[in-house]
Enquirer: 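Sharing a structure, written as structure tokens. Questions coming.
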Amino acid sequence: MRNHPEDDARRPAGLLAIGAFARRTRLSAKALRLYDRQGLLPPAYVDAATGYRYYLPAQVERARTVVLLRRLGMPLADIAAVLRLDGERAAAALDGYWADVEERHAARRTLVGYLRGRLSGRSPAMSGTFEVRTVEVPETAVIGETRHLISDELPAWIGASLGRLEEAAAECGGITGPPFVIYHSDVTEESDGPAEACVPVADLDAARAWVAARGRARGLTARLEPAYRMAYVRITKAQVVYPQILAAFDAVEEWITREGLTPAGPCREVYFAEWDGAGPEDEVCDVAFPVR
């Protein structure tokens, strides 16, 4: 169908037909139609009679940006969000996306190492992945929260519960040491623990009063954690992810057996670094067992 002269008159001058625009941007007509539907790259003008799409030359740069972001593997919804921003805000959004990609990649890399060890029959201790150390931990007053939950629920709960307990500790003389999580029984896809999040506090009496005011129904406690000798390995943020963190626990247990020691309490994770500010390769956690 030929254009009506009135259609040509209404079309702005200097536009690029979809074929010419596709060649300039190295995008197929199919991709351009998809990006139009997604709101990423709508044409500047659509001929009402023919449905032909036309683009402004200035849209070439936006199209090339879309192409480059897609090469990073960025989902279309995330690309749309970046393109709605300008200047430094768009760059900051890209930085945030790439930090997430690197964190996921680091977690997968450690998972591959964990699975390679399982499939080959090599233990973490035999592969030399972890260095086991010991330290004497003094008696510590703690405020804690106990919960039954499975492994998928664990990361969100740890962050939320430690946040709640740190706020409580601020009202009980302050925080006196790194927070930790005690596993009183296995937490896996099928087993729901329980796990206990703990924050050391300066004033045990104040902590007990804080717990009493809120009742025990929420799994809150305030108590003295006895002194103990701790055998532990230090792991990175990427290694904290389940199930690869199990390799760290396995390494400590094997070391305890080899050294002729005995576990003196449930295993635990001690979080000594600021989580949100840490990169995937930064050390953030000690995987530990009390021993005697």
Side-chain angles (χ1 to χ4, degrees), residues 1-116 152 155-156 159 236-242 244 273-284:
M1 179 184 296
R2 293 182 61 84
N3 287 3
H4 191 279
E6 291 182 0
D7 295 327
D8 292 334
R10 283 194 296 267
R11 187 170 71 231
L15 293 180
L16 298 171
I18 190 169
F21 189 74
R23 288 191 294 274
R24 291 271 297 273
T25 60
R26 299 183 180 87
L27 285 168
S28 68
K30 180 180 179 180
L32 288 172
R33 287 191 289 270
L34 171 62
Y35 295 162
D36 179 15
R37 291 195 299 271
Q38 296 288 331
L40 292 174
L41 200 60
Y45 175 78
V46 179
D47 190 295
T50 65
Y52 290 169
R53 292 169 165 84
Y54 296 86
Y55 295 83
L56 291 167
Q59 290 181 281
V60 171
E61 182 60 30
R62 180 182 178 93
R64 289 176 176 169
T65 299
V66 171
V67 170
L68 293 173
L69 292 174
R70 285 296 290 158
R71 287 183 180 176
L72 290 179
M74 183 179 286
L76 294 179
D78 290 346
I79 292 175
V82 169
L83 294 178
R84 284 193 293 268
L85 304 173
D86 56 0
E88 290 300 320
R89 293 194 303 157
L94 175 61
D95 288 343
Y97 167 78
W98 193 247
D100 289 342
V101 170
E102 290 186 323
E103 189 165 320
R104 291 194 300 271
H105 179 72
R108 291 189 186 106
R109 184 170 58 248
T110 58
L111 178 57
V112 167
Y114 171 71
L115 290 171
R116 185 183 293 115
D152 286 348
T236 66
K237 188 175 182 179
Q239 291 171 320
V240 171
V241 179
Y242 181 87
Q244 46 265 48
E274 198 276 315
W275 181 266
D276 290 336
E281 304 301 332
D282 292 333
E283 293 179 332
V284 297

Enquirer: Under the 3.5 angstrom rule, does the side chain of E281 hit a backbone N or O of A238 as a donor-acceptor pair?
Expert: no
Enquirer: Would you compute the distance between atom CD of Q59 and atom CZ of R64 and round it to the nearest 0.5 angstrom?
Expert: 13.0 Å
Enquirer: State the CG-CG distance between L72 and D78, to the nearest 0.5 angstrom.
Expert: 11.5 Å
Enquirer: Could you tell me the separation between the CG atom of L69 and the CE atom of M74, rounded to the nearest 0.5 Å?
Expert: 5.0 Å
Enquirer: Less than 4.0 angstrom from a charged side-chain N to a carboxylate O is my criterion; do K237 and E103 meet it?
Expert: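 E103 and K237: salt-bridged.
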Enquirer: Rounded to the nearest 0.5 Å, how far does CZ of R108 lie from NE2 of H105?
Expert: 8.5 Å
Enquirer: Counting N and O atoms only, with roles assigned by atom type, does the side chain of D100 sit under 3.5 Å from a partner on the main chain of Y97, one being a donor and the other an acceptor?
Expert: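 Not at all, since once roles are kept as given, no pair shorter than 3.5 Å links the two residues.
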Enquirer: Out of L27, L32, V46, D36, which one pairs with I18 under the side chain to side chain contact (heavy atoms under 4.5 Å, CB included) rule?
Expert: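 For I18, the side chain to side chain contact (heavy atoms under 4.5 Å, CB included) check succeeds only for L32.
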Enquirer: Is the shortest distance from a Lys or Arg side-chain nitrogen in E102 or R109 to a carboxylate oxygen in the other one below 4.0 Å?
Expert: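 Salt bridge: no.
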Enquirer: For the atom pair CG (L15) and CG (L56), what is the distance rounded to the nearest 0.5 Å?
Expert: 5.5 Å
Enquirer: Would you say L34 and K30 make side-chain contact, with heavy atoms under 4.5 Å?
Expert: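 No. Closest side-chain heavy atoms not under 4.5 Å.
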Enquirer: Which of parallel (below 30°), tilted (30 to 60°) and perpendicular (above 60°) describes F21 and Y55?
Expert: parallel
Enquirer: Counting only heavy atoms not in E274 (residues, nucleotides, ligands), do more than 12 fall under 6.0 Å from its CD?
Expert: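 Yes, the 6.0 Å shell around CD holds more than 12 heavy atoms from other groups.
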Enquirer: Please assess V67 against R26 for the test side-chain contact (heavy atoms from CB on, under 4.5 Å), listing each intermediate value before the final yes or no.
Expert: CA-CA 9 Å; V67 170; R26 299 183 180 87; over 6 Å; no
Enquirer: With R70, which residues qualify under side chain to side chain contact (heavy atoms under 4.5 Å, CB included), at least two apart?
Expert: Y35, V66, L76, I79
Enquirer: Apply side-chain contact (heavy atoms from CB on, under 4.5 Å) to L41 and T25, showing your working.
Expert: CA-CA 12 Å; L41 200 60; T25 60; 5.9 Å; no
Enquirer: Kindly give the heavy-atom pair with the smallest separation between V284 and A278, and that separation in Å.
Expert: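 What the structure gives for the nearest pair is CG1-CB, 3.6 Å.
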Enquirer: A93 and L85: which non-hydrogen atoms are nearest, and at how many Å?
Expert: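 Between these two residues, the closest heavy atoms are CB-CD1, 3.8 Å.
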